[in-house]
Number of protein chains: 2
Amino acid sequence: MARSSSSGSDKPASGDTGDVRRASTRSTGSVTLGDVAKLAGVSPITVSRVLNRPEMVTADTIEAVRRAIAETGYVPNLLAGGLASSRTKLIAAIIPTLGNAMFIDTIQPLNDCLSAAGYQLMLGLSGFPELCEEDLLKAILSRRPDAIVLTGVNHSAETRQCLLAAKIPVVETWDLTATPIDMLVGFSHEKVGAEVANYLFGKGYRRFAQVCAEDERAQIRRRSFEAALRDKGQSCLSTVCVPTPTTVRMGREGLAQLLAEGHRPEVVFCSSDVLAHGVLAEAQSRGLRVPDDMAVMGFADLDFAAYTFPSLSTVHVDRAAMGRHAGEVLLARLSGRPVDKKMVDIGFSIVARASA
Amino acid sequence: MARSSSSGSDKPASGDTGDVRRASTRSTGSVTLGDVAKLAGVSPITVSRVLNRPEMVTADTIEAVRRAIAETGYVPNLLAGGLASSRTKLIAAIIPTLGNAMFIDTIQPLNDCLSAAGYQLMLGLSGFPELCEEDLLKAILSRRPDAIVLTGVNHSAETRQCLLAAKIPVVETWDLTATPIDMLVGFSHEKVGAEVANYLFGKGYRRFAQVCAEDERAQIRRRSFEAALRDKGQSCLSTVCVPTPTTVRMGREGLAQLLAEGHRPEVVFCSSDVLAHGVLAEAQSRGLRVPDDMAVMGFADLDFAAYTFPSLSTVHVDRAAMGRHAGEVLLARLSGRPVDKKMVDIGFSIVARASA
DNA sequence: ATGAAAGCGCTAACAG
DNA sequence: CTGTTAGCGCTTTCAT
């Protein structure tokens with residue numbers, strides 16, 4: 001079967017044993033470039049070109065090779081290709097968890113953007129404890145991705161070192177810093193906390209409480225919120241902290257705890273819409289009127305919350321734009337195009353709905 | 001003339017000067033096994049052993065090598081390793097979308113399980129249209145994963161062909177079939193539809209409606225639900241179908257549409273808790289009492305729904321167990337251990353809460 | 001436009 | 001226990 005198919009007369013194994021397919025010492029059994037080349041009657045490199053740079057090959061050759069590829073069911077080996085070329089078409093992204101729709105909303109457009117350009121996205125889950133981010137990173141770097149997307153800007157010295165040594169484009173997301181490793185697209189959590197404080201103070205609220213995730217960026221918003229209150233001579237009655245990843249249940253329990261401790265806040269600022277959702281559910285089940293008895297402010301503007309509690313006031317963050325933008329700067333860099341803005345603040349906005 | 005850049009004579013390397021560290025034509029610059037070996041004063045293969053089979057090496061050697069690794073910041077190249085050994089420590093999983101918490105709940109324990117065993121999970125998103133599953137699969141197979149986890153059991157002939165040709169362990173999940181490709185862990189969507197029909201009929205409901213995702217498995221549940229109703233001489237008033245991935249919003253709109261069409265169902269069976277959540281939100285905003293005016297049945301038993309609408313009746317599916325189990329059978333197979341059950345029905349149960 | 005030779009960095013298979 | 005040799009399958013470089 002595996003003979004030149006060029007012109008008809010296909011003699012059955014005509015004696016000469018010259019190129020009998022000798023099993024090499026450790027063949028993997030799968031079809032290789034060489035097999036396709038033999039079938040198509042060309043050299044391996046030509047098959048490679050058909051796949052990677054078809055403009056260098058004549059239409060006839062392409063046709064013959066395509067046929068051979070289809071006939072053999074050849075699937076390229078990107079381990080070999082990546083090893084030889086130092087380009088893997090692989091891009092890694094590290095996020096804390098799959099359990100948080102916030103990050104997913106960023107990853108999805110990133111993935112779309114990259115796969116449209118022929119890259120594959122590999123996800124790494126750091127789990128919120130930033131403890132072993134370095135190990136994860138090494139595991140990821142050992143696959144030699146062409147670039148990497150990080151969540152957050154607070155990395156250990158070792159992590160930065162690894163990243164620098166890898167000499168690949170890096171995009172940090174979900175935060176801002178004056179000293180990015182490479183490129184950056186995020187927004188200011190400090191500003192969020194401060195502006196929310198201003199907003200709520202401006203609405204006349206004076207008894208504040210929080211339900212806040214034990215997450216680095218959530219804590220930044222929290223502290224900034226408290227600081228801004230202090231500037232106004234106010235303070236936060238109480239803050240309930242809950243472990244990550246957060247759930248609606250924790251929001252419910254958070255409010256339950258605040259009330260059990262005897263607090264009667266006029267408004268509760270939650271570190272995410274998931275928690276705010278839980279707080280609203282709990283308030284509702286207790287017959288509290290929102291915002292008259294108690295107002296609620298969330299963060300992120302998640303769909304499911306907005307469609308369950310349309311009154312939820314929140315902070316809108318364009319997560320999809322963040323993902324898209326991260327993909328775009330990466331692709332620009334990888335294709336040698338100039339990257340206009342290495343640092344981008346995508347901003348945020350307070351969405352005032354009936355709950356606060 | 002083009003050759004002018006060549007340093008040194010054209011003559012064949014006449015002679016000797018052999019061991020000058022001649023920069024290889026295309027070095028990638030990063031630290032290699034060889035560099036570590038040189039520093040540690042051992043051979044490359046010994047470094048490899050320290051990393052992969054330390055039990056074959058003396059403690060002293062390990063120590064020396066470890067030091068050299070730390071000193072150089074060496075990060076193994078798994079492209080090269082995988083190419084040489086035909087084992088990549090990479091396992092792929094294909095799911096329809098990241099936007100559905102159902103699948104995430106399966107993937108998370110799968111990931112935990114695999115990474116604890118030193119494997120890395122690579123996610124592939126097929127998007128619900130099973131159209132180009134084959135292209136995605138080829139892109140994934142080109143990274144030579146050691147095994148693959150699929151969502152669903154309905155694959156094209158080409159897909160099955162690719163999978164067979166790859167000769168790697170395969171686990172299909174989220175469904176049952178008499179003819180799995182290899183291993184299987186799922187449950188019967190047919191049974192779900194039928195049992196829900198029985199349950200609701202038994203509770204005395206007679207006017208049924210559905211809000212159902214345009215998803216293969218959801219449609220199986222739907223048809224089975226309708227068939228079971230027919231067996232009882234009943235029928236479904238109306239079914240609103242919504243595109244995937246589904247959202248809470250679609251659930252709201254689904255109920256709105258049912259009511260706008262003039263239907264007054266006694267009970268609405270939704271193809272997921274996300275949709276049921278939306279239906280409940282819409283019902284609530286219209287002042288409908290649940291279950292007195294209208295009952296609601298969901299599917300999957302998602303946390304966020306249960307904690308927002310604790311009364312939501314639903315079908316419980318142990319998604320985490322499915323993921324864990326998939327990981328376990330895979331690891332068993334990969335380590336040569338016998339796999340006790342190649343096909344596992346993890347079952348489901350109807351959770352009767354106050355909403356139905 | 002196509003091909004030949006030489007690796008990419010690592011590990012399997014054998015020595016010693 | 002450690003080293004030597006020979007590839008894994010592909011792409012680069014340089015030649016034709």
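Every chain is numbered from 1, with letters handed out A, B, ... down the list of sequences. Worth saying up front: this structure is predicted, and the values here are computed from it rather than measured.
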- Item | Length of the line joining B:L78:CG and D:dC8:C1', which is rounded to integer Å |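 Result: 14 Å.
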- Item | Rounded interatomic separation in angstrom, taking CG from B:N77 and C1' from C:dG9 |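 Computing the B:N77:CG to C:dG9:C1' distance gives 6 Å.
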- Item | Selected nucleotide, minimal atom distance to B:R49 side chain, candidates D:dC10, C:dC14, D:dT12 |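 The answer is C:dC14.
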- Query: What nucleic acid atoms does B:T61 come within less than 4.0 Å of, heavy atoms only: base, sugar-phosphate, or nothing?
  - Reply: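 Since only primed, P, OP1 and OP2 atoms lie under 4.0 Å of B:T61, the category is sugar-phosphate.
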- Message: Nearest 0.5 Å, please: how far is CZ in A:R49 from OG in A:S43?
- Response: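 Rounded to the nearest 0.5 Å, the OG-CZ separation comes out at 7.0 Å.
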- Message: On DNA chain D, compare the nucleotides closest to B:A80 and B:V57; which residue's is nearer the 5' end?
- Response: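 It is B:V57, whose closest nucleotide lies nearer the 5' terminus.
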Would you say [N] has OP1 or OP2 under 4.0 Å from some side-chain N or O of [X]?
{"X": "A:T28", "N": "D:dC8", "result": "no"}
{"X": "A:T46", "N": "C:dG3", "result": "yes"}
{"X": "A:S43", "N": "C:dG3", "result": "yes"}
{"X": "B:R87", "N": "C:dA12", "result": "yes"}

- Query: Donor-acceptor pair under 3.5 Å: do we get one between A:R144's side chain and the base of C:dG9?
  - Reply: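 When only heavy-atom distances are counted, A:R144 does not reach the base of C:dG9 through any donor-acceptor pair under 3.5 Å.
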- Do A:K342 and A:D182 pass the salt bridge (Lys or Arg N to Asp or Glu O under 4.0 Å) test, and can you show the C-alpha distance, the side-chain angles, and the key distance before you say yes or no? CA-CA 7 Å; A:K342 292 186 53 167; A:D182 182 6; 3.6 Å; yes
- Quick one: does B:R144's side chain have a donor or acceptor within less than 3.5 Å of a partner on B:L141's backbone?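 Side chain of B:R144 to backbone of B:L141, a donor-acceptor pair under 3.5 Å: yes, one is there.
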- Query: For A:H155, which of A:R160, A:E134, A:E172 qualifies under side-chain hydrogen bond (donor to acceptor under 3.5 Å, both in side chains)?
  - Reply: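 Output: one option passes, namely A:E172.
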